[in-house]
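Have a look at the structure below before the remarks.
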Amino acid sequence: MLRVLLIDDDARLAELLGGYLGQNDVTLVHARDGVAGLRALAGDAFDAVLLDVMMPGIDGLEVLRRIRAGAGGRVPVIMLTARGDEADRVVGLELGADDYVAKPFSSRELLARLRAVLRRAAPEVAGERLAAAGVVVDVGARACLVDGAQVELTGLELDILVALMRRAGRVVPRAALLAEAGRDDVAVGERTVDVHISRLRKKLGDDVGPPRRIRTVRGIGYVMPKEAAEP
Amino acid sequence: MSPPWRRHRHRRRHHHGHHGHAPWAHHHPELAHAMRAGWFVQWRLRRRIFFGFAVAIGVSAGVALLLHHHGVSPGWALTAMIMMLWATSGMLAWRLTLPLTELARVARELGDGNLDARVRPLGHGARELDAIAGAIDDMARRISRQLRDQRELLAAVSHEIRTPLGHLRVLCDTARDAGAPGPLVDDLEREVLEIDALIDQLLASSRLDFGALERRDLDVALEAARALERLGVDASVLDVESDDCRVSADATLLRSALANLVRNAVEHGGGVSRLAVRRGAGEVEVDVDDAGPGFVADDLPHVFESFYRGSGAGAGDKPARGSLGLGLALVDRVARAHGSRAAAANRDGGGAWVSLVLPAA
Ligand SMILES: Nc1ncnc2c1ncn2[C@@H]1O[C@H](COP(=O)(O)OP(=O)(O)OP(=O)(O)O)[C@@H](O)[C@H]1O
Ligand SMILES: [Mg+2]
C-alpha cells in the first residue's frame, strides 16, 4: 500500500479521491492546509505528496519551497493547479515540482502520473539508472554509457548530467542546474555551467551540428529530450 | 453566434437605451450634478463669448477709424477692420474649444477602454469646464474600481464552480471502476469538461471584453517553457531564437493562449514538433508547428471563429476532453486585444502551423 499526502483545503475532494485511490492500493492522508501538511510530513513518511496551489494561508508554492528546504526534501510532489487563475503565478520551473495536474483532473490520470513519478523516484536507493536521449547513467556506479559505449566524466559533469536527466523533457534553468546537481556549495557561476555543458557535449558526441542530447534554451537553461532525436 | 454572456450584455445596453438618459448618469452622481449645473456653465460661456466679441469689434472698429483718420481710404480701412475681426474671432473660437477638445479626447480614450486616461489641466480661462473635467475623472476612477471588483468576483465565483466540477470528475472515475456503463460516464465527463472550458473562456472574456488588460513584462520563452511543462510536452521542442523575448502582455491571457496552441497541437496534430520564439521588429512571434494531418483546407478561413470545430480527421469520434471550438478564437482575441495578430496555415512538409504575435516590451 502506498501512502500519499494530499494538502488541499477541499475536504470533500479529499474524501472522494481517498475513496477512489483506496480501491487502487493507495492510502490518502489529508491535510487541510500548508501548516498541517508540513507537520504531517515531518511526523510521518509518505511516498508522495499531492499539493494544491491555491490555498488560504500559506499557498502551495511556499509549501513546496519549505518541503524542498526541509529534511526529506526529495519526496515526489505533484502540484494540483487551477487553470486561468488570477492568482496563477506558478514558478514550477524554478522550484522543481515533479509533475503538474490541472484541476479538475481525472483521477485515473492522476493515478497514472503518481505511479510514473514514483517509478522515477524509487530506484534511488538500489542503483538508479537513468536514460534519456541515447545516454544511460548508472547513478550508483557513477557510470555513463553513450549509445552503448562507456564515457569518462568528471564528478561535476556527471552531477550536471544526472540533474538534466532526472528532469528530462523539461527545461532546467542554469541557476537551478547547480542546485539540482547538489553543487550549489561549489563556487561555480552560471557562466561556468556553460563551460561544463560544452565539455559534456563534446564527451557525449554532441558537439557537431545542432545539439541533440543537451539543447540550449536561450536565456533560460538547458533541456535533454526524453527520447533521442534522429540525427 | 455569440456566447451567452455576450448576448446578455447586449440586452442590458438596449434596456438602458429605453430610459432615454445616459447610463453613466445613473451610477455617477458627480456627472449628473455637473449636468444640472449646466445652465451655470452655459451662462459663463455666453458671457465670455459676448465680451470677447464686443472687445474684438470695438478694437477693430477703433483701429479702422484711426486708419481712416490718418488718411487711409475708407475701403482699405473697412478691409483692415474685417481682417482683424476675422483673425480675433478665429482666435476666440480656438481658445474656447481647446478645453473641449481635451475633454473629447479623454472621453474617447475611456470609450476605447483606456481607463487610466485623465483630463489634463485645462488651463486659464476654462474654469467653467473644470467641474465637468473633475466629474469625468471621478467617473473613470469609479469604472476602474468597479471593473476590478467585478473581475475579482468572477475569479472567485469561477473557483467556486470549479470545486464541485473537480468532485464530479473524481466521481466519474469512481463510477467507472464500480462498473457503471462506460459510454454513459464518458458523456457525463464530457459535460463536466465543457463547463470547465466555458469558465476558462468566461474568465478570459471578462478581460477581453472590457479591454481591461493588466500588462506586465513577461518573458515569452519562459512562459512557453512553462506551458510545455504543464501540459506534459517534451520541452526540447522549444527553440528560442532571440536573446530578448520579453513582451508587454496580460499574464493570464498570454498563458491561456499558449496553452491553447500547445493543446491543439497535441489533440489535433499528434504533438508539438517545434515551438519557436523569436523577436522581430517591435514584436515577439511564437510559432507552434506539428506533424499531424494539418487543417482541412475548407476549415482554414474559419478556425479563428468562436465555436468553430474543424471537420478534419478525428472530428467525428469523440475526443477525450470537451472540444468547443473556442481555443483558437481565444488566441485570436488575445492577440487583437494586445493590438497584434494570430495566423494559421498548413506547412509545406505537412502538419499545421499556428503563430501568435505580441508587442515586445
Ligand atoms: N494543430 C492543429 N492541426 C489540425 N487541426 C487543428 C489544429 N488546431 C486546430 N485545428 C482545427 O481547428 C479547429 C478549431 O480549433 P479550436 O482550438 O478553436 O477548437 P477545438 O480544439 O476543437 O476546441 P477547444 O480548443 O475549444 O477545446 C479544431 O476543431 C480543429 O479541427
Ligand atoms: Mg483547441
Side-chain angles (χ1 to χ4, degrees), chain A residues 10 12-13 15-21 23-24 54 79-93 97 99-111 113 132-133 167-173 210-221 223-227 229, chain B residues 151-152 154-156 158-159 162-174 176-178 189 192-193 195-197 199-204 214 219 221-222 224-226 228-246 251-253 255-256 259 277 320-321:
Chain A
D10 184 351
R12 178 83 181 129
L13 179 74
E15 187 186 328
L16 295 172
L17 192 61
Y20 176 82
L21 292 178
Q23 291 171 353
N24 290 280
M54 287 266 285
M79 299 291 274
L80 307 179
T81 65
R83 287 191 287 126
D85 271 333
E86 296 278 314
D88 175 52
R89 15 174 218 106
V90 170
V91 279
L93 276 181
D99 209 345
Y100 300 86
V101 175
K103 279 182 174 181
F105 51 78
S106 139
S107 10
R108 282 190 175 185
E109 193 188 325
L110 180 69
L111 189 62
R113 301 263 195 117
R167 294 172 64 75
R170 288 191 244 167
V171 182
V172 187
R212 291 173 295 118
R213 302 194 208 273
I214 303 180
R215 304 205 42 182
T216 306
V217 181
R218 234 205 269 196
I220 307 181
V223 55
M224 270 183 94
K226 279 186 203 149
E227 266 111 61
Chain B
R151 220 166 39 209
E152 276 164 15
L154 197 60
S158 309
H159 187 69
R162 279 201 162 124
T163 304
L165 285 184
H167 302 169
L168 268 175
R169 247 200 126 178
V170 174
L171 283 171
C172 283
D173 282 328
T174 312
R176 264 196 205 99
D177 279 13
E189 189 162 27
V192 170
L193 289 169
I195 298 174
D196 182 57
I199 294 173
D200 253 2
Q201 297 292 328
L202 185 66
L203 280 172
E214 279 172 27
D219 183 355
L222 194 59
R226 283 181 185 158
L228 293 169
E229 175 161 358
R230 290 180 122 199
L231 293 168
V233 176
D234 195 312
S236 58
V237 298
L238 182 57
D239 195 353
V240 182
E241 296 178 10
S242 317
D243 282 325
D244 182 7
C245 294
R246 282 175 310 127
T252 307
L253 292 179
R255 284 174 193 157
S256 45
V277 184
R321 57 176 281 285

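What you see below is based on every heavy atom in this structure, not just the backbone, and it leaves out hydrogens, waters and symmetry mates. In the text below, chain A, chain B and the rest are named by the order of the sequence lines, each starting its count at 1. Predicted model only: the values in this text are computed from it and were never measured.
Residues B:V170 and A:F105 are in side-chain contact: their nearest non-hydrogen atoms beyond the backbone lie under 4.5 Å apart. The closest side-chain heavy-atom distance from B:L171 to A:L16 is below 4.5 Å.
Heavy-atom distances place the backbone of B:S242, and not its side chain, under 4.5 Å from chain A. Residue B:V277 does not touch chain A at all, counting heavy-atom pairs closer than 4.5 Å. With a threshold of 4.5 angstrom between heavy atoms, A:D99 does not approach chain B through any atom at all.
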### Stepwise side-chain contact (heavy atoms from CB on, under 4.5 Å) test for A:R215 and B:L238
CA-CA 9 Å; A:R215 304 205 42 182; B:L238 182 57; over 6 Å; no
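One distance of note links NZ of A:K103 with OG1 of B:T163; it measures 6.5 Å at 0.5 Å rounding. Atom CZ in A:R212 sits 12.0 Å away from atom OG in B:S236 (nearest 0.5 Å). Distance CZ/B:R162 to CG/A:D10: 14.0 Å, rounded to 0.5 Å.
Of the listed residues (B:D177, B:L253, B:L165, B:L228), the greatest number of heavy-atom pairs within a distance under 4.5 Å of chain A belongs to B:D177.
The two residues B:E189 and A:S106 come nearest to each other via the heavy atoms OE2-CB, 4.1 Å. A pairwise comparison of heavy atoms in A:L13 and B:H167 identifies N-NE2, 3.6 Å as the closest pair. The shortest non-hydrogen separation linking B:D173 to A:S107 is OD2-N, 2.7 Å.
Partners of B:R246 according to the side chain to side chain donor-acceptor pair (under 3.5 Å) rule, which considers only residues two or more places apart in sequence or in another chain, are B:D217, B:D244. Every residue was checked against the side chain to side chain donor-acceptor pair (under 3.5 Å) condition with B:D219, not counting sequence neighbours, and none meets it.
A distance-only check finds no donor-acceptor pair linking the side chain of B:D234 to the backbone of A:P225 [under 3.5 Å]. Between the side chain of A:R170 and the backbone N or O of B:E229 there is no donor-acceptor pair closer than 3.5 Å.
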